[in-house]
Amino acid sequence: MRRWQDQLNPAQREVVETLSKPILVLAGAGTGKTRVITYRIARLISAGVSPERILAVTFTNKAAAEMAKRVAELLGSAHRRCPRPEVSTFHAYGLRVLRRHSARLGYPPQFSIYDRADQLEVARAALREVKATEAALRPEELIGWVSRWKSRGMDPQATADSAQTDKESLAAAAYRRYQQLLRLRGAVDFDDLLFLVEKLFSLHSELREEEAARFEHLLIDEYQDTNRSQYTIARMLAEKHRNLCVVGDDDQSIYSWRGAEPEHILRFHRDWPDAKIVRLENNYRSRQPILDWANRLVATNRHRYPKQLRGHDGGVSPRILQAHDEDHEAELVVKEIAARVRQQKIRPRDVAILVRTNDQMRPFELHLRRQKLPYWLVGGQSFYDRKEIRDLAAYLKVILNPRNDVALLRILNTPPRGIGPQTVERLLHQAVQRLCPVWEVLEDGAAEKLFGQGALEALTQFRQLILGFQHDLPRRRLDDLLRRLVDEIQYRREVERCYTSAEERERRWQTVQEFVESAGSYCRNIPEATPAGFLQELTLTSYDDDSDPQSRLDQEAVVLMTLHAAKGLEFPIVYLVGLEEGLLPHRKALELQTDQAIEEERRLCYVGMTRAQEQLILSFAVARHKRGKLVETIPSRFLYEAAGKTDHPGYQEAICGISRRAAQLARSKAARRRKTRSSAKKASAKHPKRRRSQP
DNA sequence: CCCTGCGCTTTTTTT
DNA sequence: AAGCGCAGGG
């Protein structure tokens with residue numbers, strides 16, 4: 001029973017048994033990467049390393065939860081009551097460090113975490129203040145740059161110093177203001193969770209050493225997707241004990257757009273000269289015909305370490321489906337699944353439908369519902385993206401810290417309470433002028449002259465409301481407080497106001513109750529629960545999995561998710577859909593016209609294919625609605641590459657498709673510049689004949 | 001101040 | 001197709 005080590009092959013066992021050395025595991029898809037880490041943790045503990053001296057880092061919260069569970073299973077009942085190893089994402093780890101030391105960096109202990117929508121607001125404000133027009137620099141652009149800078153450990157000063165163009169200087173100035181605004185509001189963004197930790201460690205060496213000394217072993221999964229701050233933090237933590245085990249696959253690097261640098265995995269041996277390198281190439285997941293297609297596809301990439309995965313023999317070759325448009329594509333796929341489920345050949349949970357972009361999910365959802373197949377939509381619109389959650393979270397944020405402008409402005413007139421745009425405008429103007437948060441303008445008696453009688457009354461009432469709940473906050477349990485809040489602001493009426501259909505209203509109201517309930521379960525389950533902690537967890541871990549996080553996958557449901565979300569998972573049957581030029585590879589990647597961008601798309605496709613254990617079905621539509629218009633498409637080059645048909649005329653066409661499209665783009669840009677109306681041109685694309693599965 | 005409707009742009013992937 | 005800003009009536 002205890003002899004779980006015997007279930008490993010020699011290479012895997014080597015990883016598990018090399019206990020005191022830097023170790024790099026280069027592991028292909030489906031070779032049991034995560035399994036190896038799990039076993040290694042269990043081995044360390046059974047060798048006497050105390051669990052709390054182990055830090056394991058994964059890429060997603062889901063993976064962390066899964067790994068913690070498996071370690072517990074491996075160790076069995078003897079260790080049930082033992083302390084647990086720390087298994088989390090880099091971001092969650094960063095959050096924990098920051099919570100302890102936020103004061104050192106001038107942040108309040110109850111700082112909030114800003115997500116993308118909040119960031120955009122701050123970016124807008126920052127740009128306004130440096131007097132940048134939308135044309136000069138868009139808020140989305142700014143947060144993109146800031147994110148890149150932060151992941152490289154660059155502060156505003158460093159950014160300004162290295163600015164080459166006017167636009168960069170402008171962005172650097174906006175970055176400085178952006179960061180000031182965040183601090184003023186006691187908020188951090190996602191990147192700060194790493195950036196500030198890195199800063200903290202380099203500013204205070206005693207803290208760094210103390211933190212590094214807490215752990216004796218560091219394990220990192222998906223190492224190919226670490227960005228520079230994660231890399232730096234890992235090095236700082238491991239430099240003393242040198243017990244660093246990283247696992248990754250350069251062929252599965254799909255997050256370079258987010259600052260991931262796959263070079264780290266290639267550089268490992270230089271950083272840790274005594275490192276042991278282990279390669280895992282036995283695939284335990286997929287049938288050989290599937291691997292043949294995946295191998296052939298990824299072998300097209302020029303920048304990679306060559307490897308050949310060996311898999312299970314037998315099984316059927318991948319198939320290709322062709323549809324008229326995206327709706328037909330969904331219909332074909334879902335009907336096929338439904339038919340096989342009805343014949344009891346497969347179960348819904350054996351199947352995953354993988355898409356490149358979130359909006360591809362819609363037609364599939366529709367048809368899954370129509371066919372009455374249970375499905376589980378992963379990602380999509382996340383829990384905290386819904387209006388109700390954002391509103392209530394904003395109330396809570398303001399109660400915790402009224403200096404949080406983004407949250408304050410959100411709820412100031414939600415539900416409508418007579419504070420109109422005019423009033424908000426004046427408030428904002430005052431705040432900018434005095435360089436202070438909006439709340440202080442509210443508090444300041446001098447501001448009274450600024451507003452009319454009605455507005456002033458509304459503002460005072462709002463202020464009283466917040467103050468009242470501030471007073472209650474330490475005296476009531478969080479869910480209790482939220483229930484009262486919902487009641488007092490008459491949020492139910494707001495739900496009724498915003499939505500007309502009874503069904504929608506019901507759904508929205510349910511979300512509200514779920515939110516209150518999740519606060520309740522947070523308070524019950526976490527001993528050191530605080531309202532700020534609840535909000536932080538809420539932003540960091542898309543909290544819609546409150547019921548049973550890991551058993552979701554075991555439920556009887558077809559899984560519908562993006563390729564990015566599918567990383568690390570496996571399914572007996574995979575439908576990889578939307579294989580068209582412009583979608584996979586994505587238009588944005590094609591526009592860059594760099595090998596790197598297209599190679600990442602190819603890896604993404606590779607990741608999708610290698611999720612399949614028994615069957616892989618690829619599909620594309622001959623035409624697709626874009627901006628409401630039906631546009632003809634070109635089958636993805638990846639189809640030809642994977643099928644080994646790069647001499648097929650369609651392959652050339654797929655690749656020429658970009659240049660044709662780029663030419664079109666250039667032409668239409670030129671046309672716009674001349675401000676003349678160009679006559680409509682019809683691109684008559686030829687499409688290859690319907691193809692069937694190859695033997 | 002609140003609501004409605006019109007016309008405009010805009011669409012990757014996520015912690 | 002959907003969200004946002006703007007204009008105009010209640």
Side-chain angles (χ1 to χ4, degrees), chain A residues 57-64 88-95 113-117 119-120 124 134 138-140 143-144 147 150-151 188-195 222 225-227 229-230 253-260 326 354-363 378-382 384-385 387 413-425 451-455 457-458 497-498 500 536-542 561-567 578 582-592 597 600-601 603-605 607-608 624-631 672:
Chain A
V57 180
T58 59
F59 194 74
T60 62
N61 294 296
K62 220 189 305 167
S88 63
T89 63
F90 262 114
H91 286 86
Y93 169 73
L95 171 61
I113 302 173
Y114 275 14
D115 65 11
R116 206 187 139 78
Q119 280 182 283
L120 274 174
R124 256 181 224 121
E134 285 264 318
R138 302 209 334 260
E140 295 87 354
I143 60 176
S147 172
K150 284 187 181 174
S151 76
V188 304
D189 61 22
F190 280 122
D191 300 302
D192 280 337
L193 292 174
L194 307 170
F195 175 71
E222 309 283 11
D225 285 321
T226 49
N227 67 25
S229 15
Q230 292 167 329
S253 153
I254 54 175
Y255 279 94
S256 68
W257 53 273
R258 213 177 78 181
E326 72 271 14
L354 305 182
V355 297
R356 171 71 238 261
T357 64
N358 277 303
D359 59 333
Q360 281 174 266
M361 291 187 184
R362 278 175 186 235
V378 182
Q381 198 201 20
S382 63
Y384 55 77
D385 262 346
K387 178 184 184 301
N413 201 32
T414 311
R417 55 167 69 86
I419 303 173
Q422 178 90 59
T423 312
V424 173
E425 180 54 45
F451 306 105
Q453 191 57 44
E457 213 162 285
R497 187 184 69 92
C498 291
T500 45
Q536 291 166 347
E537 309 275 330
L538 186 76
T539 349
L540 207 56
T541 62
S542 11
M561 63 167 95
T562 65
L563 286 164
H564 283 88
K567 185 161 90 156
L583 246 192
L584 187 64
H586 195 274
R587 188 169 51 81
K588 291 279 183 189
L590 294 177
E591 275 167 13
L592 289 173
E600 178 147 321
E601 295 288 310
R603 289 194 295 269
L604 195 52
C605 187
V607 167
R624 188 174 288 271
H625 288 272
K626 279 257 161 193
R627 281 185 281 181
K629 273 217 169 67
L630 192 69
V631 182
R672 229 174 298 148

- Message: Any base atoms under 4.0 Å from D191(A), or only sugar-phosphate, or nothing? Heavy atoms, all strands.
- Response: nothing
- What integer distance in Å separates N413(A):CG from dC1(B):P? 8 Å
- With T60(A), which residues qualify under side chain to side chain contact (heavy atoms under 4.5 Å, CB included), at least two apart? K62(A), A63(A)
- For Q360(A), side-chain hydrogen bond (donor to acceptor under 3.5 Å, both in side chains) partners two or more places apart: T357(A)
Could you run down the sub-3.5 Å N/O contacts of the protein with nucleotides 2-6 of chain C?
| residue | atom | partner | partner atom | Å |
| --- | --- | --- | --- | --- |
| dA2(C) | OP1 | R362(A) | NH1 | 3.2 |

- Query: Quick one: salt bridge (Lys or Arg N to Asp or Glu O under 4.0 Å) partners of E222(A), sequence neighbours excluded?
  - Reply: K33(A), K567(A)
- salt bridge (Lys or Arg N to Asp or Glu O under 4.0 Å) filter on R624(A), not counting sequence neighbours, yields E329(A), E580(A)
- Could you give the CD1-to-C1' distance, from I143(A) to dT14(B), as a whole number of Å? 12 Å
Could you go through nucleotides 10-13 of chain B and list every protein N or O atom that sits under 3.5 Å from one of its N or O atoms, giving the distance for each pair?
| residue | atom | partner | partner atom | Å |
| --- | --- | --- | --- | --- |
| dT12(B) | O4' | H586(A) | NE2 | 3.2 |
| dT12(B) | O2 | R356(A) | NH1 | 2.9 |
| dT12(B) | O2 | R356(A) | NH2 | 2.1 |
| dT13(B) | OP1 | N358(A) | N | 2.7 |
| dT13(B) | OP1 | N358(A) | ND2 | 3.0 |
| dT13(B) | O4' | R356(A) | NH2 | 3.4 |
| dT13(B) | O2 | W257(A) | NE1 | 3.3 |
| dT13(B) | O2 | R356(A) | NH2 | 2.7 |
| dT13(B) | O2 | H564(A) | NE2 | 3.4 |

- Task: For T89(A) and for T423(A), locate the closest nucleotide of DNA chain B by heavy-atom distance; then report the residue assigned to the nucleotide nearer the 5' terminus.
- Result: T423(A)
- Query: Who are the side-chain hydrogen bond (donor to acceptor under 3.5 Å, both in side chains) partners of Y255(A), not counting sequence neighbours?
  - Reply: none
- Message: Without decimals, in angstroms, what is the distance between E537(A) CD and dT15(B) P?
- Response: 15 Å
- Query: Quick one: side chain to side chain contact (heavy atoms under 4.5 Å, CB included) partners of A597(A), sequence neighbours excluded?
  - Reply: A589(A), L592(A), T594(A)
- Listed by chain and number, what are the side chain to side chain contact (heavy atoms under 4.5 Å, CB included) partners of S147(A), not counting sequence neighbours? D191(A)
- Message: Going by side chain to side chain contact (heavy atoms under 4.5 Å, CB included), name the residues that satisfy it together with V57(A), two or more places apart in sequence or in a different chain.
- Response: L55(A), F90(A), L218(A), I220(A)
- Message: Main chain of F195(A), side chain of D192(A): is a donor-acceptor contact present, judged purely on distance under 3.5 Å?
- Response: no
- E222(A) CD to dT15(B) P, straight-line distance once rounded to whole Å: 12 Å
Interface polar pairs with nucleotides 3-5 of chain B, N/O, under 3.5 angstrom:
| residue | atom | partner | partner atom | Å |
| --- | --- | --- | --- | --- |
| dC3(B) | OP1 | R497(A) | NH1 | 3.4 |
| dC3(B) | OP2 | R497(A) | NH1 | 3.1 |

- Would a distance-only check, ignoring hydrogens and angles, find a side-chain to backbone donor-acceptor pair under 3.5 Å from E600(A) to S256(A)? yes
- Residues forming a side-chain hydrogen bond (donor to acceptor under 3.5 Å, both in side chains) with E601(A), sequence neighbours excluded: R356(A)
- Spacing of L193(A) atom CG relative to dT15(B) atom P, expressed in whole Å: 13 Å
